[in-house]
Amino acid sequence: MGERVDLDADRLGRGHQLSSALAWRQPLGSGGRNLEFEQRLGHGHVRSSSGRLDERTLQTKLLLHWNRTQTLRLIWQQQRLQREDEAETRHRVGTLTWLQREGALKGWSVGAQWQREGAGAIQREVFVKYQPGWALGG
């Protein structure tokens with residue numbers, strides 16, 4: 001609570017930011033398999049003499065750890081913005097990724113992403129990423 005900024009509308013006002021998170025992990029037998037679930041909710045509000053902003057966010061993350069080096073990850077995110085005297089905007093993103101780690105900072109990921117702004121067309125992307133990592137000291 002206190003002063004908050006609506007950067008896109010370039011205004012300062014009074015407001016609040018609330019958030020909550022729930023995390024759960026379930027072992028799936030032997031071999032290091034685990035299922036993780038995480039849910040995050042957020043709500044923000046800014047009110048100034050020139051208008052107001054309400055923002056709501058939701059993120060759901062589901063991870064299936066096959067072992068300590070391989071993970072399948074699904075993330076779904078939604079954001080809703082409502083400014084006074086403007087149409088509501090919605091943004092949705094979903095990502096499905098397989099990760100193969102070769103250490104904490106090194107590994108491959110292969111996945112797909114779906115994204116939609118408002119009632120616009122769905123944008124799709126397929127990706128392959130390699131993170132080479134780096135060494136500390138020497």
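- Considering only heavy atoms from C-beta on, Leu72 stays 4.5 Å or farther from Leu62 through its side chain.
- In terms of the side chain to side chain donor-acceptor pair (under 3.5 Å) criterion, residue partners of Gln39 (sequence neighbours excluded) are, by chain and number, Thr60.
- Scored by the side chain to side chain donor-acceptor pair (under 3.5 Å) test, Arg101 finds Thr71 as partners (sequence neighbours excluded).
- Glu117 contributes no side-chain N or O that, together with a main-chain N or O of Ala121, makes up a donor-acceptor pair within less than 3.5 Å.
- In this structure, Arg73 CZ and Leu64 CG are separated by 13.0 Å, a value rounded to the nearest 0.5 Å.
- Sorted by first then second residue, the salt bridge (charged side-chain N to carboxylate O under 4.0 Å, His left out) pairs that include residues 39-50, not counting sequence neighbours, are Glu38-Arg40.
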> Run the salt bridge (charged side-chain N to carboxylate O under 4.0 Å, His left out) check on Arg56 and Asp54 step by step: do they pass?
Replying inline: CA-CA 7 Å; Arg56 296 180 196 277; Asp54 282 306; 5.8 Å; no
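- Every residue two or more places apart in sequence or in another chain that forms a side chain to side chain donor-acceptor pair (under 3.5 Å) with Asn67 is listed here: Thr69.
- In this structure, Leu74 is a member of the same hydrophobic cluster as Val128, with clusters built from ILVMFWY side-chain heavy atoms closer than 4.5 Å.
- Residues satisfying the salt bridge (Lys or Arg N to Asp or Glu O under 4.0 Å) test with Arg90, not counting sequence neighbours, are Glu88.
- Between atom CD of residue Gln123 and atom CZ of residue Arg116 there is a gap of 11.0 Å, rounded to the nearest 0.5 Å.
- Note that the NE2 atom of His91 and the CD atom of Gln78 stand 10.5 Å from one another [nearest 0.5 Å].
- In this structure, the side chains of Leu81 and Gln79 come closer than 4.5 Å at one or more pairs of heavy atoms.
- At most 12 non-hydrogen atoms from other residues, nucleotides or ligands lie less than 6.0 angstrom from CH2 of Trp66.
- Annotation: side chain to side chain contact (heavy atoms under 4.5 Å, CB included) contacts of Arg124 (sequence neighbours excluded): Trp114, Ile122.
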Could you go through residues 103-110 and list every donor-acceptor pair under 3.5 Å that involves a side-chain atom there, pairing it with any protein atom two or more places apart or in another chain?
none

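- Residues forming a side chain to side chain contact (heavy atoms under 4.5 Å, CB included) with Thr95 (at least two apart in sequence, or on another chain): Val93, Thr97, Gln113, Phe127.
- Atoms CZ and CZ, from Arg92 and Arg80 in turn, are 12.0 Å apart once rounded to the nearest 0.5 Å.
- Evaluation of the side chain to side chain donor-acceptor pair (under 3.5 Å) rule for Thr57 yields no partner, not counting sequence neighbours.
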Could you list the donor-acceptor pairs under 3.5 angstrom formed between side-chain atoms of residues 14-24 and any protein atom two or more places apart in sequence or on another chain?
from: His16; atom 1: NE2; to: His43; atom 2: ND1; distance (Å): 3.1
from: Gln17; atom 1: OE1; to: Arg4; atom 2: NH2; distance (Å): 3.2

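- In this view, Arg25 and Glu36 satisfy the salt bridge (Lys or Arg N to Asp or Glu O under 4.0 Å) rule, not counting sequence neighbours.
- Remark: Gln100 CD to Trp98 CH2 distance equals 4.5 Å, nearest 0.5 Å.
- For the residue pair Ser48 and Gly13, the shortest heavy atom distance occurs at CB-CA, 4.0 Å.
- Minimum heavy-atom separation, Asn34 to Leu28: C-CD1, 4.1 Å.
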